[in-house]
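Before any comments, here is the structure.
Chain A is the first sequence line, chain B the second, and so forth, proteins listed ahead of strands; every chain is numbered from 1.
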Amino acid sequence: MNGSAAKTAITPTRAENFAEWYQQVVRAAELAEPSDVRGCMVIKPWGFGLWENIQRQMDAMFKATGHRNAYFPLFIPISYLEKEAAHVEGFAKECAVVTHHRLEVGADGKMRPAPSAELTEPLVIRPTSETIIGATYAKWVQSYRDLPILINQWCNVVRWEMRPRLFLRTAEFLWQEGHTAHETEAEAREETQRMLEVYATLAREHLALPVYAGEKSAGERFPGAVQTLCIEAMVQDRKAIQAGTSHFLGQNFAKASGIKFQSRAGAEEFAWTTSWGVSTRLVGTLLMAHGDDDGAILPPRVAPTHVVILPITPKAETRDAVLAAADVLANRLREQKFHGAGLEVEVDRRDLGGGVKNWEWIKKGVPLRVELGPRDLEKGSVAVARRDRGVKEKEFLAADAFVAQVAATLQSIQDGLFARALAQRDEHTRRIDSREEFHAFFTPKNAEKPEVHGGFALTHWDGSAAVEEQVKNDLKVTIRCIPADAALGGGPGVCPFTGKPSAQRVLWAKSY
RNA sequence: CGGGCUGUGGCUCAGCUUGGUAGAGCGCUGCGUUCGGGACGCAGAGGUCGUGGGUUCAAAUCCCACCAGCCCGACCA
């Protein structure tokens, strides 16, 4: 024991070095770790449990909006990728390529790809699946009666990133990609919008992340898309992070892949397609949005475990009774429903001393920790600590009362996290009308070691790529989206960078 | 993929300048005392010093190459 009361579980703190804090949280919370393969991560059970919960809830929303899951190949012939010009250009730089199908022992005794087993056409490991799914849809679609096709797939993709960060940017990551084909433009645009709303709902209600929804500027658009919609969240260093995207692909991919059909009028027409996705990046987003200097804080709706029971067994003679009581309490809690499902409860029976266990769970971000000791058995009480409050704040409750109100308590944590994130975002979202103020907003006081600064700026823009480019070069700030909400856009005005007219305000920020 | 820095038990690092055959703290294992705010004592286990080559009687230490990681840029869910 060397600690003062002010000691934090994570060093450095968020204020000291946010990027390093994040990495330490991922490690301390046992969410993931770097693997021996450059750029790839091992997602550990606690981190994967989080992803599974996000997955399950999102999957239900996809099904509810008429989609079905399917699975398409990991390997994509290079010729498929070449079909859509903008698309290849966007992804070519980060593709892993499979060139051989067999290994052999070389002269140096080491394994090497067998020269005799070179593929006639190399295969790309999917960076995304528009092309191969498009080629498949082309076979499936002949008539307007075959439309719409509403399919989603859960899978991994590979984008050969050079600067990996766990969950936020890795060479391989897990995601879902929805791919739909429609008879009309209007239908496809509606789908694009609908799925963005699904993402916004997921973010707000399940992940407790307030998000701004809007459209990407041409410069930030998905390669090959006509329109890219997105939701943008703010994390605690006030940077933006894209939490989901939905693309209206027009007829670009239909033309590239030959998805055509005979219309009601008998004419041959190209289908209108969409694609939309969210990735394990959401896990990183959650951590950066809600965590504190003691580690992760998980929203109850996606936490792998809602309640952990920590039996306090100071004396051998009371140990069995306490452990038995912990199991009874756990079972009573499991009968409680939170958003339709029984609570996930864990009894931590490990024979570890003192506060060690307690701190492990704090770092992991479990919503509720319950201490149960010999004195509680006598009094019928429990000691409850909420992860969204200070680690010292322990509430002694009658066990019955705790069980009765546990679902409400979890919801209160969920709501509290959202409110906290919303307050932080609103506090650091500013309408800015002058170039000088814009620059000041995004310039740290300490250039050597930049402090947390800036935020979201709602500023007019003349619509030119030149301004985007200039601002990005000067400040590393980009347009995160053109907000759909008129209250944010605020109608016409003047671009502070050029003095030219602007249709509406757009959302600027530094981003992940 | 360009510029800089760094590779030594599981982790963080000392040792390298001035070559002489490897250390600390944490963690881990065992036993005991502890346990409602991150415990303590004693006894242990654990290292091809990133990889390959070179110089030397002798290399963690000097030289070369390669690989990997971190930071800063360009790119991105």
Reckon [X] touches a base, only the sugar-phosphate, or nothing at all at heavy-atom distances under 4.0 Å?
| X | value |
| --- | --- |
| A/K476 | sugar-phosphate |
| A/G277 | nothing |
| A/Q242 | sugar-phosphate |
| A/K394 | sugar-phosphate |
| A/W359 | base |
| A/T170 | base |
| A/L310 | nothing |
| A/P374 | base |

Roughly how many Å apart are [M] and [N], using the [atom1] atom of each and rounding to a whole number?
| N | M | atom1 | answer |
| --- | --- | --- | --- |
| B/A45 | B/G10 | C1' | 13 Å |
| B/U8 | B/C49 | C1' | 4 Å |
| B/G3 | B/A74 | P | 16 Å |
| B/G69 | B/C13 | C1' | 16 Å |
| B/U18 | B/C70 | C1' | 30 Å |
| B/A43 | B/U55 | P | 46 Å |

Exercise for the section: Report yes if the distance between the aromatic ring centroids of A/F442 and A/W508 is under 6.0 Å, otherwise no. Expected result: no

Distance in angstrom units between [X] [atom1] and [N] [atom2], rounded:
| X | N | atom1 | atom2 | value |
| --- | --- | --- | --- | --- |
| A/E232 | B/A77 | CD | P | 10 Å |
| A/R375 | B/C35 | CZ | P | 11 Å |
| A/E20 | B/G69 | CD | P | 16 Å |
| A/L282 | B/A77 | CG | P | 14 Å |
| A/F173 | B/C76 | CZ | C1' | 9 Å |
| A/R169 | B/G73 | CZ | C1' | 13 Å |
| A/F18 | B/C71 | CZ | C1' | 18 Å |

Report the nucleotide, chosen from [options], that has the shortest atom-to-atom distance to any side-chain atom of [X].
| X | options | answer |
| --- | --- | --- |
| A/Q23 | B/C35, B/C71, B/C75 | B/C71 |
| A/K472 | B/C76, B/A77, B/G36 | B/C76 |
| A/I312 | B/C35, B/A77, B/G38 | B/C35 |
| A/A9 | B/G38, B/C35, B/A77 | B/G38 |
| A/R159 | B/G36, B/A77, B/C75 | B/A77 |
| A/A383 | B/G36, B/C76, B/G73 | B/G36 |
| A/V356 | B/C76, B/G38, B/C75 | B/G38 |

Tell me which nucleotide, if any, is Watson-Crick or G-U wobble paired with [N] when both distances must be under 3.5 Å.
| N | result |
| --- | --- |
| B/A65 | B/U51 |
| B/C1 | B/G73 |
| B/C26 | B/G10 |

Problem - Any donor-acceptor N or O pair under 3.5 Å, side chains A/R194, A/T192 - result: no

Problem - Side-chain H-bond candidate by donor/acceptor type, A/Q227 with A/E215, under 3.5 Å - result: yes

Exercise for the section: Determine, for A/F402 and A/R332, whether the Lys NZ or Arg CZ falls below 6.0 Å from the six-membered ring centre while staying within 45 degrees of the axis. Expected result: no

Completion exercise
Comparing nearest nucleotides in RNA chain B, the 5'-proximal residue of the pair A/L377, A/T280 is A/L377

Exercise for the section: Hey, which sits more toward the 5' end of RNA chain B by its nearest nucleotide, A/I10 or A/G219? Expected result: A/I10

Can you give each donor-acceptor pair under 3.5 Å made by side-chain atoms of residues 201-209 of chain A, sequence neighbours left out, with the distance rounded to 0.1 Å?
unit_1	atom_1	unit_2	atom_2	d
A/T201	OG1	A/E197	O	2.9
A/R204	NH2	A/V211	O	3.0
A/H206	ND1	A/Q57	OE1	2.4

Handout entry: Sidechain N-carboxylate O distance under 4.0 Å for A/K364, A/E30
Key = yes

Handout entry: Under-3.5 Å donor-acceptor pair between A/N358 side chain and B/G38 base
Key = no

Exercise for the section: Could you tell me whether the side chain of A/R238 and the main chain of A/F456 form a donor-acceptor pair under 3.5 Å? Expected result: no

